[in-house]
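Order of listing sets the numbers, starting from 1, for every ligand and every atom in it. Because the structure is predicted, anything quoted here is derived from the model rather than measured.
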Amino acid sequence: MQSQIKPSTEQKSQRPVVAIIGGGVSGGGVAYHLSKLTGGGAPEIVVFEPRPMLGRGLAYDSADSAHRINVPAAKMSLQPDDVEEFQRWIKANDAVRDDPEAAHENGQLFPRRRVFGDYVGSLLQPFLKSGAITHRRATVTAVRRVHDGWVILDDKGGLTQADIVAIATSHPPPAALGRLAASLAGHPRLIADTTKPGALEVVRPQDRVLVIGNGLTAADVIASLARNGHEGPVVAISRRGLRSRGHAAAPQEAFGDFIAEPATSATELLRKVRLTIRQAAEQGLSWHAVIDQVRSQGHELWRALPIAERRRIVRHLRPYWDVHRFRIAPQVEAVLDTAIEAGRLEILAASVADAKVEGEAIRVILQPRHARGRLERIVDAVIVTTGPAHGGILETQPWLGELAREGYLALDPTGLGLACSERSEALGPDGQVISSLLISGPLARGTFGELMGLPQITEHTVFIAREITEKLKDAERHNSRPISGRSVVL
Ligand SMILES: Cc1cc2nc3c(=O)[nH]c(=O)nc-3n(C[C@H](O)[C@H](O)[C@H](O)COP(=O)(O)OP(=O)(O)OC[C@H]3O[C@@H](n4cnc5c(N)ncnc54)[C@H](O)[C@@H]3O)c2cc1C
């Protein structure tokens with residue numbers, strides 16, 4: 001394997017090399033905190049990211065003005081110990097001057113998602129300028145073990161040797177459509193991946209639309225369609241017909257305690273959550289305060305649960321958790337409410353039983369969840385919003401599959417992402433710890449529990465940066481640089 005890797009030019013460095021694959025918030029955040037922690041004696045930090053800017057990733061690269069952050073700006077910060085930094089940055093930079101809708105009537109700010117990407121980018125900028133962080137604008141195509149280090153190949157023909165690798169690729173494209181793809185193959189208004197820029201442009205103003213999935217992506221899609229002048233009827237389906245909830249009318253402190261005596265089963269946890277919601281209500285607080293506490297104590301709470309109980313939660317409770325924990329921005333909620341009131345948006349608990357193309361239209365047969373009879377709808381467009389396919393992560397990029405086959409990665413037993421240790425080190429199929437391969441961000445949530453929203457992700461990036469620092473110090477103490485610390489960019 002090694003003989004195939006022949007760099008034509010080499011830039012030798014005496015510094016250890018940390019390679020981060022994926023430059024969204026999870027990857028950019030690790031690079032940022034690692035640079036801050038290590039200061040002058042820093043390792044060489046190379047972030048692989050094909051997007052033009054680091055720190056945006058899938059969520060904050062959107063140019064769609066209907067896409068807003070779904071957590072108030074006052075809670076979205078790259079600094080876990082300074083949660084209001086983003087809010088201050090917005091004010092200092094007058095960053096919502098062209099967006100009067102950003103401020104909700106209760107005073108909270110929900111700017112467009114791109115603004116958050118601008119903020120993260122601005123924090124990274126000085127480190128990129130000084131050379132502390134290198135943005136390698138390329139897609140990684142292979143990661144191979146060489147001695148005790150790693151060799152990374154990318155689609156720009158680059159080869160980089162690294163001592164430590166952090167995988168922060170997070171959100172893969174949505175899962176393949178299965179039978180529906182075959183039935184609707186070639187239809188111009190079957191939109192299977194809404195993350196592709198301009199994906200919704202094919203929908204015409206009067207089109208009848210079926211949206212499959214009913215979470216945050218569906219809410220974004222419906223808001224974007226409305227913003228684009230779409231006026232046709234929309235039916236949005238999901239297995240349980242649940243819809244992402246909005247935020248509390250006024251900000252509240254998190255309420256409850258789920259870690260003093262942590263639940264050891266899914267049933268016990270559910271009982272505790274329900275009881276705490278009743279106790280919160282007695283104090284005039286809504287369920288939001290309780291779910292916020294579950295979220296912030298998510299890691300410890302998750303750790304107390306045996307794997308079988310974690311699996312039960314994923315199987316039975318996750319859909320309910322998702323709609324309460326992922327909340328939609330009030331501006332987006334208002335668009336959905338208006339559409340429901342006007343009879344333009346119908347939300348159903350149903351699945352697609354059959355679909356076929358008839359001329360330009362699509363005849364869809366729906367199987368409602370609680371009824372034997374089927375429903376029929378004629379639509380002009382089908383939009384899939386079932387979200388990223390984290391469970392199939394090893395099949396989404398060949399190099400991830402290759403690392404798994406070579407024994408360096410495995411799927412987490414809950415199916416939520418990649419198996420990792422409590423130090424966020426990758427685990428091989430037999431549970432062996434791969435100490436120089438770390439998992440940053442949502443792909444580590446099988447071990448860390450709630451690790452999808454920005455507040456938990458930033459905490460995790462600090463954690464990973466500290467872990468890397470410790471590992472580098474250990475290597476230095478033992479005078480054992482794993483490999484020669486060479487980054488080669490062709
Ligand atoms: C549409 C959407 C909106 C969201 N909105 C919010 C919100 O408002 N508030 C909130 O708290 N949370 C939100 N989230 C949750 C989200 O998980 C986090 O906030 C955060 O954006 C996750 O960032 P990430 O870096 O982990 O992942 P990603 O954003 O998925 O970034 C991963 C990056 O890896 C890169 N990559 C992938 N493969 C390779 C490769 N082979 N080589 C090099 N680079 C690669 C991709 O280009 C991508 O930029 C949202 C999530 C989504 C999907």
Can you check which of Val120, Thr194, Thr169 brings a heavy atom nearest to atom 45 (C) of ligand 1?
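Result: the heavy atom closest to atom 45 (C) of ligand 1 is in Thr169.
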Nearest non-hydrogen contact with atom 5 (N) of ligand 1 belongs to which option: Asn70, Ile328, Leu58, Asp154?
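Considering heavy atoms of Asn70, Ile328, Leu58, Asp154, the nearest to atom 5 (N) of ligand 1 sits in Asn70.
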What part of [X], side chain from CB on, backbone N/CA/C/O, both or neither, has a heavy atom under 4.0 Å from ligand 1?
X: Ser440; value: neither
X: Phe116; value: neither
X: Arg113; value: side chain
X: Thr217; value: neither
X: Ala138; value: backbone

Would you say ligand 1 has an N or O under 3.5 Å from any N or O of [X]?
X: Arg51; result: yes
X: His171; result: yes
X: Pro50; result: no
X: Ile21; result: no
X: Thr139; result: no

Below 30° counts as parallel, above 60° as perpendicular, anything between as tilted: where do the rings of Tyr32 and Phe127 land?
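Rings of Tyr32 and Phe127: perpendicular, over 60°.
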Show me which atoms of ligand 1 lie under 4.0 Å from any heavy atom of Phe48.
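Per the distance check, 43 (C), 44 (N).
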[atom] - nearest protein heavy atom and its distance:
atom: atom 47 (O) of ligand 1; answer: Glu49 OE2, 2.8 Å
atom: atom 12 (N) of ligand 1; answer: Tyr60 OH, 3.4 Å
atom: atom 52 (C) of ligand 1; answer: Ala59 CB, 3.9 Å
atom: atom 41 (N) of ligand 1; answer: Gln397 OE1, 2.8 Å
atom: atom 23 (O) of ligand 1; answer: Val25 N, 4.0 Å
atom: atom 11 (O) of ligand 1; answer: Leu454 N, 2.7 Å
atom: atom 16 (C) of ligand 1; answer: Met452 O, 3.3 Å
atom: atom 34 (O) of ligand 1; answer: Gly22 CA, 3.2 Å

May I ask whether Gly453 places a heavy atom under 4.0 Å from ligand 1?
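Gly453: in contact with ligand 1 (<4.0 Å).
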For Lys75 and ligand 1, answer yes if some heavy atom of the residue is under 4.0 Å from a ligand atom, otherwise no.
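Judged by the 4.0 Å heavy-atom criterion, Lys75 does not count as contacting ligand 1.
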Whether Arg145 engages the ring of Trp150 as a cation-pi pair (distance to the six-membered ring centre under 6.0 angstrom, angle to the ring normal within 45°) should be assessed.
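Arg145 over Trp150 ring: yes.
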Between Phe448 and Phe463, is the gap from one ring center to the other below 6.0 Å?
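Yes, ring centres under 6.0 Å apart.
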Between Gln79 and Glu85, is any side-chain donor less than 3.5 angstrom from a side-chain acceptor?
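Note: Gln79 and Glu85 side chains meet the donor-acceptor criterion.
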Assess whether side chain to side chain contact (heavy atoms under 4.5 Å, CB included) is satisfied between Ile434 and Leu427, documenting all intermediate values.
CA-CA 6 Å; Ile434 316 298; Leu427 298 177; over 6 Å; no
Nearest 0.5 angstrom please: Arg136 CZ to Ile152 CD1, how far?
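The distance works out to 11.0 Å.
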